[in-house]
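No hydrogens, no waters, no symmetry mates; every other heavy atom, side chains included, goes into these values. Start at 1 with the first residue, then count along the sequence. Atoms within a ligand are numbered from 1 in the order they appear, just like the ligands themselves.
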Amino acid sequence: MHWGKDQDLSVLFVCLGNICRSPMAEGAFRAAAEKIGLKVHTDSVGTAGYHVGENPDPRAVHVARQHGVDISAARGRQLADEDFTAFTHILALDTANLAGIKARAPRIRKAELGLLLNVFEGRNDGSVPDPYYGDESDFAECWDQISEATEELANQLKQQDESSNA
Ligand code: 4NP
């Protein structure tokens, strides 16, 4: 994946409901970025509007807290047209939501669109499974998958930031 230069980094994570995977991804990425001193603005949204204004699912809040990350203040928001010009990177948690993002993306936009799991070259099977209809163990697995990918993402962005400033 190639990341843009010469502009402040901003990453938007997108899932379906914006109460499980994308708030977890935002929290994990924020923590990983802070750890390595990467300056980046973050947010998360859903392609659907079912949970607008709601806090993340308690199981997502719980698993994040177990890893020292507080996502309890997040509020569900639906993807908006402005997001395509406000963010440098819009990353979907699964292929269905990437298709939904692409279907409504304006041709003139700032954001690069992609899949979070494509940070791993050659391992891009694409989707973080939706844990919403699962149990706590599904949320634990989801966290592990997301935190590994967001840590890699933070490292790649940091490297590119340093090489573009060199
Ligand atoms: P998320 O999970 O996309 O990871 O936030 C879901 C949350 C809610 C629903 C579906 C997926 N729902 O159908 O309400």
Under 4.0 Å, heavy atoms only, figure out whether ligand 1 is touched by the backbone of [X], its side chain, both or neither.
X      : answer
Asn18  : backbone
Leu16  : both
Tyr133 : side chain

Inset, instruction - Give the atoms of ligand 1, by number and element, whose distance to some non-hydrogen atom of Gly17 is under 4.0 Å. - result: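 Under 4.0 Å from Gly17, ligand 1 has these atoms: 1 (P), 3 (O), 5 (O).
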Legend entry - Modelled atom types, side-chain donor and acceptor of Glu152 and Gln156, under 3.5 Å: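 Gln156 and Glu152 do have a side-chain donor-acceptor pair below 3.5 Å.
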Inset, instruction - Measure the distance from atom 2 (O) of ligand 1 to every protein heavy atom, then report the residue, atom name and distance (to 0.1 Å) of the closest one. - result: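 Its nearest protein heavy-atom neighbour is Asp130 OD1, 3.2 Å.
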Inset, instruction - For atom 1 (P) of ligand 1, find the nearest protein heavy atom and state the residue, atom name and distance (0.1 Å precision). - result: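 Among all protein heavy atoms, the one nearest atom 1 (P) of ligand 1 is Cys15 SG, 3.5 Å.
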Inset, instruction - Compare all side-chain heavy atoms of His51 with those of Tyr132 and state whether any distance is below 4.5 angstrom. - result: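 Result yes, sub-4.5 Å side-chain heavy-atom pair found.
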Inset, instruction - State, yes or no, whether a side-chain contact exists between Leu91 and Val119 at a heavy-atom distance under 4.5 Å. - result: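 Counting from C-beta outward, Leu91 and Val119 never come under 4.5 Å.
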Legend entry - Leu98 side, atom CG; Leu116 side, atom CG - distance, nearest 0.5 Å: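 Between atom CG of Leu98 and atom CG of Leu116 there are 11.5 Å.
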Inset, instruction - Give the C-alpha distance, both sets of side-chain angles, the deciding distance and a yes or no for side chain to side chain contact (heavy atoms under 4.5 Å, CB included) between Lys39 and Leu9. - result: CA-CA 7 Å; Lys39 233 182 110 227; Leu9 282 173; over 6 Å; no
Inset, instruction - Grab the two heavy atoms, one from Thr150 and one from Ala32, that are nearest each other, plus how far apart they are. - result: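 Where Thr150 meets Ala32 most closely, the heavy atoms are O-CB, 4.2 Å.
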Inset, instruction - Say whether His51, considering both its backbone and side-chain N or O atoms, lies within less than 3.5 Å of an N or O atom on ligand 1. - result: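 Checking ligand 1 against His51, an N or O pair does fall under 3.5 Å apart.
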Legend entry - Any N or O of Tyr50 closer than 3.5 Å to N or O of ligand 1: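 In this structure, Tyr50 places no N or O atom under 3.5 Å from an N or O of ligand 1.
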Inset, instruction - Name the option, out of Met24, Arg21, Glu54, that contains the heavy atom nearest to atom 4 (O) of ligand 1. - result: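 Result: the heavy atom closest to atom 4 (O) of ligand 1 is in Arg21.
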Legend entry - Gln159 atom CD, neighbour heavy-atom count above 12 within 6.0 Å: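 No.
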